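These numbers come from a predicted model, not from an experiment.
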Amino acid sequence: MAKSSKLTGGIPVSLSLDAALRQANVKGSAGTDKRRLLWITALAVASAVIIGFLAKGMVMLIDLITNLCFHGTFTLDYVPPGHNNLGWWVVLVPTLGGVVVGLMALYGSKAIRGHGIPEAMEMILTNQSKIKPAITYLKPISSAISIGSGGPFGAEGPIISTGGALGSMVGQLLRISPNERKILLAAGATAGMSAIFGSPIAAIFLAIELLLFEFAPRSIVPVAMGCITGGAMHHFLFGSDPMFAMPAIGLPGNHALFVYSVMGLLIGLLSLVITKAVYWVEDMFEKLPVHWMWWPAIGGLFVGIIGYYAPRTLGVGYENITELLSGQATMQLILSLALLKLLSWGIALGSGTSGGTLAPMMTIGGAIGCLLGMLAQQLFPSIGIVLPLAVLVGMSSMFAGASRAFLTSVVFALETTGRIEALLPLLGACATSYLVSYFLMTNTIMTEKIARRGVRAPDSYEPDPLELVSVEQVMDRRVPVAPGSTLVGDLLSTIDPKVEHLFVTSADESFQGVVSVADLRKGQHQASIGEMAVVPNVVRGHDDLRTAAAEIARTPAHTPVVVVEDGTVVGMLTLSAVLNTYGSRMEDYTEHDASILLHRRRLKVMVQGKQLFRKVMRRG
């Protein structure tokens, strides 16, 4: 092997290499395209404007249907369904609403069933973020009928689903990547939440914790801009006041902070029970000997019966949250929301009708928090427990435990009430609730449904270990080089057995390609190695290993990539090198022995002490 020297200074890239790469449809990595980021951001903002109007239209449609069904008036003014005078006839209203929703699901799309977020998560994880365009209008209409006819749901779930469907539809109309479509879906969904509640920061955290499964400029910038636009649309269409008015509260002391944290822990335990109960109800509906189309009607029948005895459990009930936060709610209202609202919502949600979960969970958690606050006031009258703050703690910790969206729960409570002084109690309560949920519940109320279908949702958003290592840190710079005219038999008789790949050069000593020694052994020994050389994909030394791994995966046989700097081949990167690096990085997450052994340190100190003592005694 006349030219089996090792590569040190690099091989000049031939002019024909670029043409070969283009012919093979191979592109070197270009990193994040900032112009694409601006384009996706502009689409997210435009979608958020449309979603803001959709949110307003959906709320108006809910109010119209509520007034028609419960009050017999054709008006867009909000009148709670609990103020009806229908008597026992009220039982039929949610039942008939369930019939209509069932028919829409049967003849329209089954995807309108459920509360929105799990369905969006499933599309992101399994279907390249592709949602049927029909969901854009079927979901809000079906949800407006369900909620307007007394369904105990919030408007936020359907508008989140609608916004996600709109973002996905825009992504399907344009030539963009599946990841960009995911970003538009998440931006649309969370812009809907921001438009309903005026909570853009909480909406951004919701996207990170439940939809994006990443935190990167390519995703966070469009989502943030979409959520900010959604918040602006809320101010424009709904007003600038906080969603839930709450009286001023003082900063709690340390003892009160401890009690609020314990309350969060207890509500976290309850959130586990509630999540299991909801899916138990769903399992019971699965066993009914009737078509699933009738399940929403059956659930609506129970909603109507409960609504007859407890009218405040009907409908969205945002005014219930405001009354709880005022600290002036009656015991009858608190108990009906803590028990009967829970029963009504659990049955309706388990029946597969259309509606959101955020408002009901907040209402139920707030009522339970109020009860725990009253108990704490009786047991510890001197530590300063206040009922409005106990309600807010109950609301946020219930959502934190059930959904495991920790940051979303804290920030949502702050944004919708405007009470920053509640930050520490919310952090303590949500942290304990999250802790209980993490240790005792495998799936959340958002992920249990898709987990049953075999879809696993990520539960941590750690940086990819391959993104932390550059190509130049692990590439092989000492790759043997052989002329393309060398015969295979001659090369195999002289090559080092440890060599797996070689660089092949042309007659003018420019780079021609890469050849595998294993392929050479399978080939004709009278052929030249240049005939068996393949044009590799190209990366740069400062690219990360994730980029390099993607380039290797694009080749049929996982051919190594060459590293090029300034028009010169300077090294090679193989799949095994990438995998070995990944394995070594993952060892950082495994438990090892202590780096500092205290007993050895003590022995060393004792020995040094004895030596010092002997020196002192000798001098004495």
Side-chain angles (χ1 to χ4, degrees), residues 115-118 121 154 156-157 160 190 193 197 199 201-213 243-244 246 252 257-278 321 324-325 338 342 345 356-373 388-417 419-420 422-448 457-461:
H115 51 94
I117 295 180
M121 295 172 70
E156 69 288 336
I160 286 174
T190 50
M193 174 181 173
F197 290 113
S199 56
I201 303 176
I204 294 170
F205 282 124
L206 181 78
I208 295 171
E209 294 184 301
L210 296 180
L211 296 175
L212 287 174
F213 311 115
M243 184 71 181
F244 305 120
M246 181 178 175
L257 284 175
F258 176 77
V259 172
Y260 288 130
S261 299
V262 173
M263 289 171 56
L265 187 146
L266 296 175
I267 293 176
L269 291 172
L270 286 174
S271 73
L272 271 65
V273 176
I274 291 172
T275 300
K276 297 295 184 183
V278 166
I321 296 177
L324 287 171
L325 287 170
L342 171 60
W345 169 71
T357 60
L358 182 55
M361 281 195 292
M362 292 283 185
T363 303
I364 297 164
I368 295 173
C370 190
L371 292 173
L372 292 176
L389 186 51
V391 171
L392 191 62
V393 162
M395 290 168 51
S396 56
S397 56
M398 177 64 75
F399 187 67
S403 68
R404 219 172 286 162
F406 171 62
L407 295 175
T408 303
S409 303
V410 174
V411 177
F412 179 84
L414 296 177
E415 283 190 293
T416 54
T417 61
R419 294 301 175 190
I420 190 63
L423 176 60
L424 287 180
L426 289 173
L427 283 173
C430 290
T432 54
S433 179
Y434 184 97
L435 184 70
V436 168
S437 174
Y438 180 76
F439 276 99
L440 300 182
M441 187 165 60
T442 303
N443 298 305
T444 69
I445 199 168
M446 303 298 180
T447 61
E448 176 69 24
D459 61 357
S460 59
Y461 317 114

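- Taking 4.5 Å as the limit, some side-chain heavy atom of Met446 sits within range of a side-chain heavy atom of Thr357.
- Dense packing is recorded around CG of Leu257, with more than 12 heavy atoms of other residues, nucleotides or ligands lying under 6.0 Å away.
- A heavy-atom distance below 4.5 Å is not found between the side chains of Thr447 and Arg404.
- Residues Leu266 and Leu270 are not in side-chain contact: their nearest non-hydrogen atoms beyond the backbone lie 4.5 Å or more apart.
- Leu210 has its side chain out of reach of Phe205: every pair of non-hydrogen atoms, C-beta onward, lies at least 4.5 Å apart.
- The minimum heavy-atom distance between Leu342 and Ile364, with the atom names listed, is CA-CD1, 3.5 Å.
- A pairwise comparison of heavy atoms in Ser433 and Gly264 identifies CB-O, 3.3 Å as the closest pair.
- Put simply, the side chain of Leu392 reaches to within 4.5 Å of the side chain of Leu325, judged on heavy atoms.
- Distance check, rounded to the nearest 0.5 Å: CG of Leu440 to CG of Leu269 gives 6.5 Å.
- Using modelled atom types, no side-chain atom of Glu156 and backbone atom of Phe197 make a donor-acceptor pair closer than 3.5 Å.
- Nearest heavy-atom pair, Met441 versus Gly401, reported as atom, atom and distance to 0.1 Å: CE-O, 3.6 Å.
- In this structure, the separation between CG on Leu272 and OG1 on Thr442 is 9.5 Å, given to the nearest 0.5 Å.
- Using a 4.5 Å cut-off on side-chain heavy atoms (C-beta onward), Phe412 and Phe399 make no contact.
- Of all heavy-atom pairs between Leu426 and Ser396, the closest is CD2-OG, 3.0 Å.
- Across all non-hydrogen atoms, the minimal contact from Ala422 to Leu414 is C-CD2, 4.2 Å.
- In this structure, the side chain of Glu448 does not engage the main chain of Thr275 through any donor-acceptor pair within 3.5 Å.
- For the atom pair CG (Leu427) and OH (Tyr260), the distance works out to 14.5 Å, reported to the nearest 0.5 Å.
- The CD1 atom of Ile204 sits 10.5 Å away from atom CG of Leu212, with the distance rounded to the nearest 0.5 Å.
- In this structure, OG in Ser403 is found 8.0 Å from CG in Leu206, a value given to the nearest 0.5 Å.
- Residues Ala405 and Ser409 come closest through the heavy atom pair O-OG, 2.7 Å.
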Under the side chain to side chain contact (heavy atoms under 4.5 Å, CB included) rule, what do Leu423 and Val410 come out as? Steps first, then yes or no, please. CA-CA 7 Å; Leu423 176 60; Val410 174; 4.0 Å; yes
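- Taking OG1 of Thr432 as the reference point, atom CE of Met263 lies at 10.0 Å (rounded to 0.5 Å).
- Taking the side chain as every heavy atom from C-beta outward, Phe244 and Met362 never approach each other to under 4.5 Å.
- At a threshold of 4.5 Å between non-hydrogen side-chain atoms, the residues Met361 and Ile445 count as touching.
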